[in-house]
Amino acid sequence: MNRLSRVHGLDTLRALAIMLVFANHYMGFVSHEPTFGWFSEIGWAGVDLFFALSGYLIGHQVFSALRGPGLSLPHFYARRLLRTLPAYLAVLALYAWWPYWAGNLPHAPWWKYLTFTLNINLKPGTLFSHAWSLCVEEQFYLLLPPVVLAIAAITRVRRAGGLALVLGWAALLSAIAAGMWLRDSWWQPAMDLGERGSRSYYTLIYYSTLARFDELLAGVALAMLRNFHPKAWQRLTSHGNWMLAAGAVLTALAFWLFLEHHFSWGMSVFGYPLLGVAFAALLLAALSEGSLLHSTRIPGMGAIALWSYSIYLTHKQVCILLAEHWEPVDLDSIAVMIAASIFAGWLLYFAVEAPFMSLRERFIPNNCRRRTIDVPPALKDGDSCFQRRTSATENV
């Protein structure tokens with residue numbers, strides 16, 4: 001991989017996401033106190049930042065392929081599985097067959113881990129519970145391409161290219177509204193326990209696929225803007241530092257509101273869309289060539305971003321096991337656990353992730369193929385899937 005071609009802003013956001021998650025898991029499963037202050041308490045939002053990144057990057061792959069020679073579902077799914085499945089299965093094998101690694105936590109039926117349905121009716125405290133977010137993403141990967149192809153096929157039959165964009169935006173906004181409606185329907189006053197949420201809050205709302213698509217859809221909206229509204233995209237990205245300022249303000253507002261009222265009705269219904277808008281603005285800044293976020297390379301962030309998936313899979317259990325021998329609130333112990341988590345992520349990346357990604361590039365063509373449907377003209381404007389992409393996108 002040519003690191004010079006990476007988008008520094010995306011690397012920074014991805015590294016920030018895993019740092020947030022680490023801080024939150026360290027508080028919840030290791031030290032049992034906000035070791036990193038408010039950063040620990042709001043760290044769960046790192047998952048939502050990952051969602052926004054995935055929504056944009058995968059959406060851009062799908063839309064640019066559709067506007068080029070066509071989208072191959074077999075190629076898309078094969079490449080997705082080779083990207084996410086090997087490292088996941090390697091860690092799942094540790095939980096299943098190495099008792100020391102698994103500890104004494106109860107596990108869900110193994111078929112739920114293997115089918116990426118663990119998040120459905122998930123109870124907090126379940127073994128490898130942080131895989132819930134991977135389940136949401138895999139379900140998103142499964143649904144997005146067929147929905148996009150169905151909309152393209154409908155508009156092809158009606159020979160109405162502009163209708164494709166109308167239907168696309170209508171579907172996206174309807175999905176966001178549906179998530180808000182579901183959270184409103186499922187929320188109950190008993191779920192708000194002040195600083196804590198009830199188990200039912202996590203099971204019905206926080207882990208739920210249907211209630212947690214907001215940030216993924218915010219990323220998809222950015223991909224739609226880039227691929228189908230190039231003039232609007234150009235106007236927005238020409239003000240990258242303003243996007244950065246807006247994203248920072250909205251993120252600070254969302255974080256403050258969640259810290260104060262995380263499990264309330266208002267934040268349950270409206271808080272996740274607010275996070276989606278805030279993170280979308282930060283993504284716009286990261287993709288705007290004139291912005292500080294885009295152009296500033298922070299040492300180490302590129303490596304952390306590259307290993308972030310493997311770090312996510314391993315860090316929680318690494319720290320839990322080390323906490324049996326190290327005092328988790330000592331600075332030396334914290335430094336050891338951070339270093340051990342990075343090392344475990346690095347090891348998994350180079351032992352499993354990287355080899356399978358090399359196999360993917362060698363044997364599975366990119367998700368573009370010879371066109372089999374007539375794409376409406378409205379979907380062909382702008383850059384195509386044959387244009388040069390950054391490695392930050394290709395490595396997803």
Side-chain angles (χ1 to χ4, degrees), residues 10-30 34 36 38-59 84 87-88 91 113 116-120 122-126 128-141 176 179 183 197 201-220 247 250-251 254-255 257-259 262-263 267-268 271-280 282-283 286 304-305 307-317 319 341 345 396:
L10 295 182
D11 281 344
T12 299
L13 292 179
R14 190 179 295 277
L16 177 61
I18 192 59
M19 291 176 185
L20 281 164
V21 171
F22 177 90
N24 184 255
H25 284 167
Y26 199 90
M27 175 185 72
F29 299 94
V30 181
F36 303 95
W38 65 267
F39 201 78
S40 289
E41 295 177 326
I42 200 63
W44 57 266
V47 167
D48 297 79
L49 183 51
F50 275 127
F51 284 170
L53 284 159
S54 293
Y56 167 74
L57 293 169
I58 300 304
T84 60
Y88 173 78
V91 175
Y113 295 96
F116 289 102
T117 55
L118 176 68
N119 67 311
I120 300 174
L122 174 64
K123 296 180 180 179
T126 300
F128 200 16
S129 61
H130 59 290
W132 76 267
S133 65
L134 306 180
C135 298
V136 172
E137 290 206 34
E138 291 296 332
Q139 293 160 26
F140 164 73
Y141 300 151
I176 294 174
R183 290 192 296 272
Y201 179 92
Y202 283 96
T203 298
L204 292 176
I205 294 178
Y206 188 78
Y207 298 139
S208 170
T209 301
L210 297 176
R212 298 293 272 118
F213 264 139
D214 301 79
E215 293 81 8
L216 285 159
L217 294 173
V220 171
L250 288 173
T251 299
F255 281 8
L257 289 172
F258 269 114
L259 286 170
H262 186 170
F263 305 103
M267 293 310 293
S268 298
Y272 298 111
L274 176 60
L275 269 183
V277 173
F279 291 157
L282 292 178
L283 274 169
I304 298 298
W307 308 331
S308 60
Y309 178 53
S310 287
I311 293 175
Y312 184 85
L313 290 171
T314 56
H315 75 281
K316 189 171 81 172
Q317 206 64 10
C319 290
S341 298
V396 174

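Excluded from the calculations below are hydrogen atoms, water molecules and symmetry mates; all remaining heavy atoms, backbone and side chain alike, are included. Remember, predicted model here, so these are calculated numbers, not experimental data.
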Residue of the set Tyr312, Tyr113, Phe116 for which ring pair (Phe, Tyr, Trp, His ring centres under 6.0 Å) holds with Tyr88: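 So, applying the ring pair (Phe, Tyr, Trp, His ring centres under 6.0 Å) to Tyr88 and each of Tyr312, Tyr113, Phe116, only Phe116 qualifies.
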
Nearest-0.5 Å distance that lies between atom [atom1] in [X] and atom [atom2] in [Y]:
X      : Y      : atom1 : atom2 : answer
Asp48  : Leu53  : CG    : CG    : 11.0 Å
Trp307 : Arg14  : CH2   : CZ    : 14.5 Å
Ile304 : Ser341 : CD1   : OG    : 10.0 Å

Chi angles and distances behind the side-chain contact (heavy atoms from CB on, under 4.5 Å) call for Leu313, Leu134: CA-CA 10 Å; Leu313 290 171; Leu134 306 180; 3.4 Å; yes

Output all residues satisfying side-chain contact (heavy atoms from CB on, under 4.5 Å) with [X], sequence neighbours left out; order by chain, then residue number.
X      : value
Ala218 : Ala280
Gln139 : Asn119, Cys135, Thr209
Ser208 : Trp186, Leu210, Ala211
Thr251 : Phe255, Ala278, Phe279, Leu282

I need the minimum non-hydrogen distance between [X] and [Y], along with the two atoms involved.
X      : Y      : result
Phe128 : Leu118 : O-CD2, 3.6 Å
Ser54  : Glu137 : OG-OE1, 2.7 Å
Pro273 : Asp214 : CG-OD2, 3.3 Å
Leu250 : Leu274 : CD2-CD1, 4.3 Å
Thr314 : Gly345 : OG1-N, 3.9 Å
Lys316 : Ser129 : NZ-OG, 3.2 Å

Exam field: side chain Thr126 to backbone Lys123, donor-acceptor pair closer than 3.5 Å: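 It does hold such a pair.
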
Parallel, tilted or perpendicular: ring planes of Phe51 versus Trp132, cut at 30 and 60 degrees: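 Ring orientation, 0 to 90° scale: perpendicular.
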
Cation over ring face, Arg212 and Tyr206, 6.0 Å, 45°: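 Cation-pi check for Arg212 and Tyr206: passes.
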
Identified side-chain contact (heavy atoms from CB on, under 4.5 Å) partner of Leu283 from the options Leu49, Leu57, Leu10: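 Exactly one pass, corresponding to Leu10.
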
Would you be so kind as to tabulate the donor-acceptor pairs closer than 3.5 Å made by side chains of residues 18-28, with sequence neighbours excluded?
unit_1	atom_1	unit_2	atom_2	d
Asn24	ND2	Ser40	O	2.9
His25	ND1	His315	NE2	2.8
Tyr26	OH	Pro328	O	2.5

Residue pair Tyr141, Thr84: steps toward the side-chain hydrogen bond (donor to acceptor under 3.5 Å, both in side chains) verdict: CA-CA 11 Å; Tyr141 300 151; Thr84 60; over 6 Å; no

Pairing residues for Phe258 by the ring pair (Phe, Tyr, Trp, His ring centres under 6.0 Å) criterion, not counting sequence neighbours: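 By the ring pair (Phe, Tyr, Trp, His ring centres under 6.0 Å) rule, Phe258 matches Trp44, His262, Tyr272.
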
Side chain proximity check, Leu216 to Val136, heavy atoms < 4.5 angstrom: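 Of all side-chain heavy-atom pairs linking Val136 with Leu216, at least one is under 4.5 Å.
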
Worked verdict on Phe263 versus Tyr202 for side-chain contact (heavy atoms from CB on, under 4.5 Å): CA-CA 10 Å; Phe263 305 103; Tyr202 283 96; 3.5 Å; yes

